[in-house]
Amino acid sequence: YSNGQIQEALDAVKTLTKDYPNEPLLYNISGACYKEIGQLEAAAKGFEKAVALKPDYIEACFNLGVIHRELGQLDDAVKSYEKALALKPDYAEAHYNLGNSLKELGQLEDAIKSYENALALKPDYAEAHNNLGTAFLSDFSQLDAAVNCYEKALSLMPENADTYSNLGMAYMQLDQPGIALKCCKKALSLEPDSADAHNNLGIAFKQLGQLDEALASYESAIALDSNLDYVFSDYTQ
């Protein structure tokens, strides 16, 4: 598995479980292999079996949370991450992933607490800074906090296009479209095929009254992602 030989790993696991049917490690590896090849239901079964055999198997609990979230089973993901954290309270990645699931559930206050817990344990956790910013961004009263989080994230990962795009969104909501425009352009310089960044650039142009440029940006966003149903969203009130 570590060498990327996923099918060979699965074959080995299937052989070994015949002789060691109660070895939780094998089912955890099985789950990881199935995740790699996109068979999420089978992956979930592997991790569930590992946890059933060893209820204090922290890594399997965490992995099961990842699969539940990818399957859209957010409540189950939360339970898995909370179980992992009950076993290991200083598990920064579990706090972070719990925050992601809570954010998707719309439980922003709890999500913010989870991200802050992750950052208390791992202050240089760039992704947690970014996603904490996004949680703050969802609450229009905390826009300055969102900007601070994105800027901290960029100090740790300066070539991250998504964070520049997110920072642009924050500045648009702060009614600073000029700065937002620069952020979106930077995002596109790093990731030219980002539909979100093209969309956000269009919003910035629209706020600046540059409608032809806005239209071109929206068209680029649609060309990259025809299902982008928020292309013409506008943050101005």
Side-chain angles (χ1 to χ4, degrees), residues 92-93 95-97 99-104 106-109 111-116 118-120 122-237:
E93 289 76 11
H95 284 291
Y96 169 73
N97 280 21
N100 290 339
S101 296
L102 290 168
K103 180 162 66 69
E104 290 183 35
Q107 300 177 29
L108 293 180
E109 186 174 343
I112 288 169
K113 289 178 182 177
S114 292
Y115 292 135
E116 290 175 339
L119 289 166
K122 189 177 178 182
D124 61 348
Y125 202 156
E127 293 83 2
H129 283 292
N130 178 75
N131 287 16
L132 177 58
T134 300
F136 282 136
L137 187 64
S138 299
D139 181 348
F140 288 174
S141 68
Q142 301 193 66
L143 296 177
D144 289 331
V147 168
N148 289 335
C149 289
Y150 291 138
E151 290 180 343
K152 179 63 175 179
L154 288 169
S155 73
L156 295 164
M157 48 179 190
E159 301 300 306
N160 189 278
D162 287 339
T163 303
Y164 273 109
S165 185
N166 291 340
L167 182 59
M169 291 175 65
Y171 276 119
M172 278 184 271
Q173 293 188 24
L174 285 167
D175 197 24
Q176 299 184 46
I179 301 176
L181 189 73
K182 292 178 182 178
C183 293
C184 294
K185 286 182 176 180
K186 178 64 175 179
L188 286 169
S189 73
L190 295 167
E191 192 176 330
D193 293 334
S194 171
D196 286 334
H198 280 287
N199 173 65
N200 292 345
L201 181 64
I203 297 169
F205 276 130
K206 185 174 184 294
Q207 284 192 341
L208 288 165
Q210 300 178 30
L211 299 186
D212 289 340
E213 291 86 349
L215 181 60
S217 295
Y218 290 141
E219 288 173 343
S220 295
I222 293 171
L224 290 163
D225 185 355
S226 61
N227 295 318
L228 202 63
D229 60 0
Y230 52 91
V231 165
F232 297 106
S233 61
D234 193 340
Y235 294 112
T236 58
Q237 298 296 321

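In this text the structure is predicted, and so the values were computed from the model without any measurement.
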> What closest approach, in Å, do Asn200 and Met169 show between heavy atoms, and which atom pair accounts for it?
Replying inline: ND2-CG, 3.3 Å

>> Just verifying a value: how many Å separate Asn131 CG and Thr163 OG1, rounded to the nearest 0.5 Å?
In response: 8.5 Å

> Stepwise, does the side-chain contact (heavy atoms from CB on, under 4.5 Å) test hold for Gln207 with Leu181?
Replying inline: CA-CA 10 Å; Gln207 284 192 341; Leu181 189 73; over 6 Å; no

>> Under the criterion side-chain contact (heavy atoms from CB on, under 4.5 Å), I'd like the reasoning laid out for Phe136 against Leu108: C-alpha separation, chi angles, the key distance, then a yes or no.
In response: CA-CA 8 Å; Phe136 282 136; Leu108 293 180; over 6 Å; no

>> If I compare all heavy atoms of Ala118 with all of Ala128, which pair ends up nearest, and what's the gap?
In response: CB-CB, 4.5 Å

> Can any side-chain N or O of Tyr164 pair as donor or acceptor with the backbone N or O of Glu159 at less than 3.5 Å?
Replying inline: no

> What is the minimum heavy-atom distance between Met172 and Ala204, and which atoms define it?
Replying inline: SD-N, 3.5 Å

> Do Asn199 and Ile203 come within less than 4.5 Å of each other through their side chains, counting heavy atoms only?
Replying inline: yes

> How many angstroms lie between atom CG of Asp196 and atom CG of Leu201, to the nearest 0.5 angstrom?
Replying inline: 12.5 Å

List, one per line, each side-chain donor-acceptor pair under 3.5 Å for residues 183-190, sequence neighbours excluded.
from: Ser189; atom 1: OG; to: Lys186; atom 2: O; distance (Å): 2.6

> So do the side chains of Glu104 and Leu102 get within less than 4.5 Å of each other, counting heavy atoms only?
Replying inline: no

> Do Lys122 and Tyr96 touch side chain to side chain, with heavy atoms closer than 4.5 Å?
Replying inline: no

> Atom NZ of Lys152 and atom CE of Met157: how far apart are they, to the nearest 0.5 Å?
Replying inline: 12.0 Å

> Between Ala197 and Ser165, which heavy-atom pair has the shortest distance, and what is it?
Replying inline: CA-OG, 3.8 Å

>> Can you give me the closest heavy-atom contact between Tyr125 and Ala92, atom names plus distance?
In response: CE1-O, 3.9 Å

>> On a heavy-atom basis, which atom in Ser114 and which in His95 lie closest, and how many Å separate them?
In response: CB-O, 3.3 Å

> Does the side chain of Asp144 reach to within under 4.5 Å of the side chain of Leu174, using non-hydrogen atoms?
Replying inline: yes

> Partners of Leu224 by side chain to side chain contact (heavy atoms under 4.5 Å, CB included), sequence neighbours excluded?
Replying inline: Asp193, Ala195, His198

>> Nearest 0.5 angstrom please: Glu127 CD to Leu156 CG, how far?
In response: 9.0 Å

>> Rounded at 0.5 Å granularity, tell me how far OH in Tyr115 sits from NZ in Lys103.
In response: 4.5 Å

> Only one of Asn160, Asn130, Thr134 forms a side-chain hydrogen bond (donor to acceptor under 3.5 Å, both in side chains) with Tyr150, so which one is it?
Replying inline: Thr134

>> Before you tell me yes or no, could you show the steps for Lys182 and Tyr171 under side-chain contact (heavy atoms from CB on, under 4.5 Å), namely the whole-Å CA-CA distance, both residues' side-chain angles and the distance that decides it to 0.1 Å?
In response: CA-CA 10 Å; Lys182 292 178 182 178; Tyr171 276 119; over 6 Å; no

>> Just verifying a value: how many Å separate Ile222 CD1 and Ser217 OG, rounded to the nearest 0.5 Å?
In response: 11.0 Å

